[in-house]
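Heavy-atom basis, side chains included; hydrogens, waters and symmetry copies ignored. Owing to the predicted nature of the structure, the values given are computational and were not obtained by experimental measurement. Residues: numbered from 1 along the sequence shown.
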Amino acid sequence: MAATLSLEPAGRSCWDEPLSIAVRGLAPEQPVTLRAVLRDEKGALFRAHARYRADAAGELDLARAPALGGSFAGLEPMGLLWAMEPDRPHWRLVKRDVQTPFVVELEVLDGHEPDGGRLLARAVHERHFMAPGVRRVPVREGRVRGTLFLPAGTGPFPGIIDLFGIGGGLLEYRASLLAGKGFAVMALAYYNYDDLPKDLDVIHLEYFEEAVTYLLSHPQAEGPGIGLLGISKGAELCLSMASFLKGITAAVIINGSVANVATTLKYKDESLPPVGTDINRTKVRMTTTGRVSSMPERPPNACRPMGRRSPRSSATQRQATILSLLTSPGAKLQYTLTLTLL
């Protein structure tokens, strides 16, 4: 009996959707290696692998069988996806075009050698960023530049403005995924995009006020207020918007400063200079992945030679937190401050 690799959902799923992986038709207790490969939009390869052993019936279900080593260890049903690492040093996996999927190739190899085992089974799976029926609408209204994602159906839907951080441009992958959960989400650019300013020397809050007005007046956005979702500099701007502007009913802040930093913030007749920094009280180190971190070095006994385990807060858990904060009744405004440990 030939081995078969089973995926559920089959064929395609959304990037934030759990994927069940199972192998059938193996020999009892057979050692195998599962391998996942993904190529990003610029051609860079991302890979992960893990060693497993089939059960007495010759079956392997990643929801019940722990990985014995490789890119991760332990019971990690989605480990082959979250543990992917790039072939290029310091490369990040970023989705620029949400209208196309990432294609993941999954393979089952005989034995515990990730590059030397005989190929037993293979499957190809598409991970999409727009759920069926989600509509993508470019926004160029007045000064506002962005993209609005609308769920399937007639609406209206709860509205969210989504902001990213330093680097500028327009990132849409978070907004497109949230739209699949029933939100009208506008990914908002605020610099280094189209005809917007190329730098962040001064930020005018009137621009964000115009974006709030646009979304509140959209026939597919349900009032009387909207939610904000931001990370890094975008999170800091969400706090400023919630402090100065009307029509904000919820804010989710991820890894953002609680004060205005790096740039001058202006709104009408008020001007907030950035909070200064004392370089003499800052300790910086470069991690093995090339990321800058001010955290202390990990003690030697924290190393896991058998492989990594999943992040403490998975993407699914973070998304559930965001959804609950943006939809919970009661409080006029909620702040969630999340510190990401690098």
*Counting only N and O atoms by type, is there a donor-acceptor contact under 3.5 Å from the side chain of S232 to the main-chain atoms of G234?*
no

*Roughly how far, to the nearest 0.5 Å, is CG of L272 from OH of Y267?*
12.5 Å

*Pairwise distance CG(L150) to CZ(R135) - rounded to 0.5 angstrom*: 5.0 Å

_What I'd like to find out is whether the side chain of L228 reaches to under 4.5 Å of the side chain of V252, using heavy atoms alone._
no

_R96 atom CZ, over 12 foreign heavy atoms within 6.0 Å_ = no

_For L26 against A54, the heavy-atom pair lying closest together_ = CD1-CB, 3.8 Å

*Output, in order, the C-alpha distance, side-chain angles, deciding distance and verdict of side-chain contact (heavy atoms from CB on, under 4.5 Å) for L200 and I166.*
CA-CA 9 Å; L200 278 178; I166 294 297; 3.6 Å; yes

_I'd like to know whether CD of E59 has more than 12 heavy-atom contacts from other residues, nucleotides or ligands below 6.0 angstrom._
yes

*At their closest point, which heavy atom of T33 faces which heavy atom of G111, and how far apart are they?*
OG1-O, 2.8 Å

*By ring pair (Phe, Tyr, Trp, His ring centres under 6.0 Å), which residues pair with Y191, not counting sequence neighbours?*
none

_Applying a strict under-4.5 Å side-chain criterion to I, L, V, M, F, W and Y, I'd like to know whether V275 and M241 cluster together._
no

Can you give each donor-acceptor pair under 3.5 Å made by side-chain atoms of residues 98-106, sequence neighbours left out, with the distance rounded to 0.1 Å?
residue	atom	partner	partner atom	Å
T100	OG1	K95	NZ	3.0
T100	OG1	D97	O	3.2
E105	OE1	R122	NH2	3.3

*With a 4.5 Å heavy-atom cut-off, do L60 and L34 have their side chains touching?*
yes

*Hey, what do you get for CG (L215) to CD1 (I226), rounding to the nearest 0.5 Å?*
5.0 Å

*To the nearest 0.5 Å, how far apart are CZ in R53 and NE2 in H112?*
5.5 Å

*Is a donor on one side and an acceptor on the other found under 3.5 Å between the side chain of R12 and the backbone of P9?*
no

*Say whether L81 and W91 are linked into one hydrophobic cluster, either directly or through other cluster members, by side-chain heavy-atom distances under 4.5 angstrom.*
yes

_Under the rule for salt bridge (charged side-chain N to carboxylate O under 4.0 Å, His left out), what residues qualify as partners of R143, not counting sequence neighbours?_
E210

*Should L7 and L19 count as side-chain neighbours, where that means a heavy-atom distance under 4.5 Å?*
yes

*asked:* Do T147 and V137 have side chains that approach each other closer than 4.5 Å (heavy atoms only, starting at C-beta)?
replied: no

*On the ring face of F164, is R174 found with NZ or CZ under 6.0 Å from the centre and within 45° of the axis?*
yes

*Would you call L163 and C238 a side-chain contact if the rule is heavy atoms closer than 4.5 Å?*
yes

*So, does S71 use its side chain to make a donor-acceptor pair with the main chain of A50 at under 3.5 Å?*
no

*asked:* Tell me whether I254 shares a hydrophobic cluster with V94, the cluster being built from Ile, Leu, Val, Met, Phe, Trp, Tyr side chains joined at under 4.5 Å.
replied: yes

_What verdict does the side-chain contact (heavy atoms from CB on, under 4.5 Å) test give for I248 and V212, after you've listed the backbone C-alpha separation in whole Å, the side-chain angles of each residue and the deciding distance to 0.1 Å?_
CA-CA 8 Å; I248 310 299; V212 172; 4.0 Å; yes

*asked:* Could you tell me if the side chain of F129 sits less than 4.5 Å from the side chain of D16, heavy atoms only?
replied: no

*Are L205 and Y193 joined in one hydrophobic group, where the rule is that I, L, V, M, F, W and Y side chains link up if heavy atoms are under 4.5 Å apart?*
yes

_Checking the side chain of T213 only, and the main-chain atoms of E209 only, is there a donor and an acceptor separated by less than 3.5 Å?_
yes

*Applying side-chain contact (heavy atoms from CB on, under 4.5 Å), run through R140 and D195 and close with a yes or a no.*
CA-CA 10 Å; R140 190 182 177 91; D195 58 351; 3.6 Å; yes

*Give the minimum heavy-atom separation between F157 and A152, together with the two atoms involved.*
CZ-O, 3.7 Å

*Would you list the pairs meeting salt bridge (charged side-chain N to carboxylate O under 4.0 Å, His left out) in which at least one residue belongs to residues 261-276, sequence neighbours left out?*
none

*Kindly indicate whether the side chain of I203, heavy atoms from C-beta on, has any atom under 4.5 Å from the side chain of L237.*
yes

_If hydrophobic clusters are built by linking Ile, Leu, Val, Met, Phe, Trp and Tyr wherever their side-chain heavy atoms come under 4.5 Å apart, do V23 and V37 end up in the same one?_
no

*asked:* Which heavy atom of D40 sits nearest to which heavy atom of L38, and what is that distance?
replied: N-CD2, 3.9 Å

*Check the pair L109 / L119 against side-chain contact (heavy atoms from CB on, under 4.5 Å), numbers first and verdict last.*
CA-CA 5 Å; L109 304 174; L119 180 64; 3.8 Å; yes

*Taking atom NZ of K198 as the centre, does the number of heavy atoms from other residues, nucleotides or ligands within less than 6.0 Å exceed 12?*
yes

_Distance-minimising heavy-atom pair for N260 and P273_ = ND2-O, 3.6 Å

*Atom pair CG (L229) and CD1 (I160), whose distance is rounded to the nearest 0.5 Å*: 6.5 Å

*Judged by atom type as modelled, is there a donor-acceptor pair below 3.5 Å linking the side chain of E222 to the main-chain atoms of G155?*
no

*Could you tell me whether the side chain of W82 reaches within less than 4.5 Å of the side chain of F72, counting heavy atoms only?*
yes

*Between Y190 and Y207, is the ring centre distance below 6.0 Å?*
no

*Please report the shortest heavy-atom distance between P151 and G182, naming the atom on each side.*
CG-C, 3.6 Å

*Hey, do the aromatic rings of Y214 and F208 have their centres closer than 6.0 Å?*
no

*Decide yes or no on side-chain hydrogen bond (donor to acceptor under 3.5 Å, both in side chains) for S13 and H128, but give the supporting numbers first.*
CA-CA 6 Å; S13 60; H128 288 257; over 6 Å; no

_Going by salt bridge (charged side-chain N to carboxylate O under 4.0 Å, His left out), name the residues that satisfy it together with R127, two or more places apart in sequence or in a different chain._
none

*Can you list the residues that meet the salt bridge (charged side-chain N to carboxylate O under 4.0 Å, His left out) rule with R35, with sequence neighbours excluded?*
E107, D115

*Expected output: side-chain Q30 to main-chain A27 donor-acceptor under 3.5 Å*: yes

*Give a yes or no answer on whether the side chain of D194 reaches the backbone of L196 with a donor-acceptor pair at less than 3.5 Å.*
no

*Is atom CD of E113 surrounded by more than 12 heavy atoms (other residues, nucleotides or ligands) closer than 6.0 Å?*
no

*asked:* Quick check for you: to the nearest 0.5 Å, what is the distance between I21 atom CD1 and E8 atom CD?
replied: 12.0 Å

